[in-house]
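Everything below concerns the one structure shown next.
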Amino acid sequence: LFDQRPSLRPAFDTVATVIFTHPQFANVGMTEETAKAKGYEFAVFDSEFRHLKYSLTQLQYRTRFKLLVDLKTDRILGIHAVGEEVGEILQGFSTLLHMGITKAQLDQTIGIHPTLAEELVTLREPSRVVLAE
């Protein structure tokens, strides 16, 4: 924090945050409210699902992901998640957001099956679009 070399400055806008409850709540990047306040127009991709590993059990654990994508640049503005171990997932995605990953780049990757994180690379159609007012 006190070193003045730019290469060592933390990227505070892409720090992943987790609330360690059951289920976990995690996010990295902008919320919808922040993106709106900054004047972004963005697409919202979201998904709610039951993890495949629970398909043969009575457990009804659910996971939810939300991805915000800038309509102008295709850059991912934020990722939000609720579910088991989502903090572990968003730790890796925080680096990608810091590097400026786009939705197109995310779409070019192939998910590890069956994992929760796989869902983030299979989101194809936005659930809604938020335009500037």
Side-chain angles (χ1 to χ4, degrees):
L1 291 175
F2 299 103
D3 194 315
Q4 296 304 307
R5 289 179 288 175
S7 63
L8 296 179
R9 300 289 305 160
F12 291 113
D13 58 338
T14 54
V15 171
T17 304
V18 182
I19 301 172
F20 291 100
T21 54
H22 296 284
Q24 290 181 4
F25 290 78
N27 71 296
V28 61
M30 292 185 216
T31 63
E32 285 191 50
E33 293 75 19
T34 302
K36 284 181 201 176
K38 291 187 175 195
Y40 285 98
E41 295 188 326
F42 55 94
V44 178
F45 295 78
D46 60 8
S47 176
E48 183 177 341
F49 59 97
R50 185 170 173 232
H51 193 302
L52 185 60
K53 75 179 181 180
Y54 296 122
S55 61
L56 298 177
T57 73
Q58 300 298 316
L59 298 173
Q60 297 298 314
Y61 299 138
R62 313 266 317 154
T63 300
R64 181 160 190 196
F65 287 114
K66 179 165 63 169
L67 192 69
L68 308 179
V69 179
D70 182 5
L71 292 176
K72 188 184 296 184
T73 64
D74 195 45
R75 192 174 62 106
I76 297 174
L77 300 173
I79 304 173
H80 309 277
V82 178
E84 281 190 287
E85 303 304 324
V86 294
E88 294 289 341
I89 295 167
L90 292 198
Q91 174 60 56
F93 278 93
S94 69
T95 301
L96 296 174
L97 260 67
H98 175 69
M99 309 249 342
I101 190 169
T102 65
K103 179 70 169 79
Q105 290 170 322
L106 192 63
D107 290 345
Q108 290 174 332
T109 63
I110 297 174
I112 301 168
H113 182 73
T115 66
L116 293 173
E118 169 185 30
E119 191 72 14
L120 285 169
V121 301
T122 60
L123 295 169
R124 294 292 181 244
E125 297 296 323
S127 57
R128 58 196 163 87
V129 172
V130 178
L131 301 174
E133 297 177 0

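- Put simply, the side chain of M99 does not reach to within 4.5 Å of the side chain of Q105, judged on heavy atoms.
- The backbone N or O of F25 lies less than 3.5 Å from no partner atom in the side chain of H80, so there is not a single donor-acceptor pair.
- R62 places no side-chain N or O within donor-acceptor distance of the main-chain N or O of V82, the cut-off being under 3.5 Å.
- In the displayed structure, I112 atom CD1 is contacted under 6.0 Å by at most 12 heavy atoms of other residues, nucleotides or ligands.
- Between atom CZ of residue F42 and atom NZ of residue K103 there is a gap of 15.5 Å, rounded to the nearest 0.5 Å.
- Note that CD1 of I76 is 7.0 Å distant from OG1 of T102, once rounded to the nearest 0.5 Å.
- Heavy-atom contacts from other residues, nucleotides or ligands closer than 6.0 Å to CD of Q91 number 12 or fewer.
- Shown here is E48, whose CD atom has more than 12 heavy atoms of other residues, nucleotides or ligands within 6.0 Å.
- In H51, the NE2 atom is crowded: over 12 heavy atoms of neighbouring residues, nucleotides or ligands sit closer than 6.0 Å.
- In this structure, R128 does not pair ionically with D46, as no charged nitrogen and carboxylate oxygen lie closer than 4.0 Å.
- Within the 4.5 Å cutoff, the side chain of F49 has heavy atoms near those of the L116 side chain.
- The shortest side-chain heavy-atom distance between E119 and T63 does not fall under the 4.5 Å cut-off.
- Within the 4.5 Å cutoff, no side-chain heavy atoms of V121 are placed close to those of I110.
- At least one side-chain heavy atom of F65 sits under 4.5 Å from a side-chain heavy atom of I89.
- Of the inter-residue distances, the one linking T31 atom OG1 with E33 atom CD reads 4.5 Å to the nearest 0.5 angstrom.
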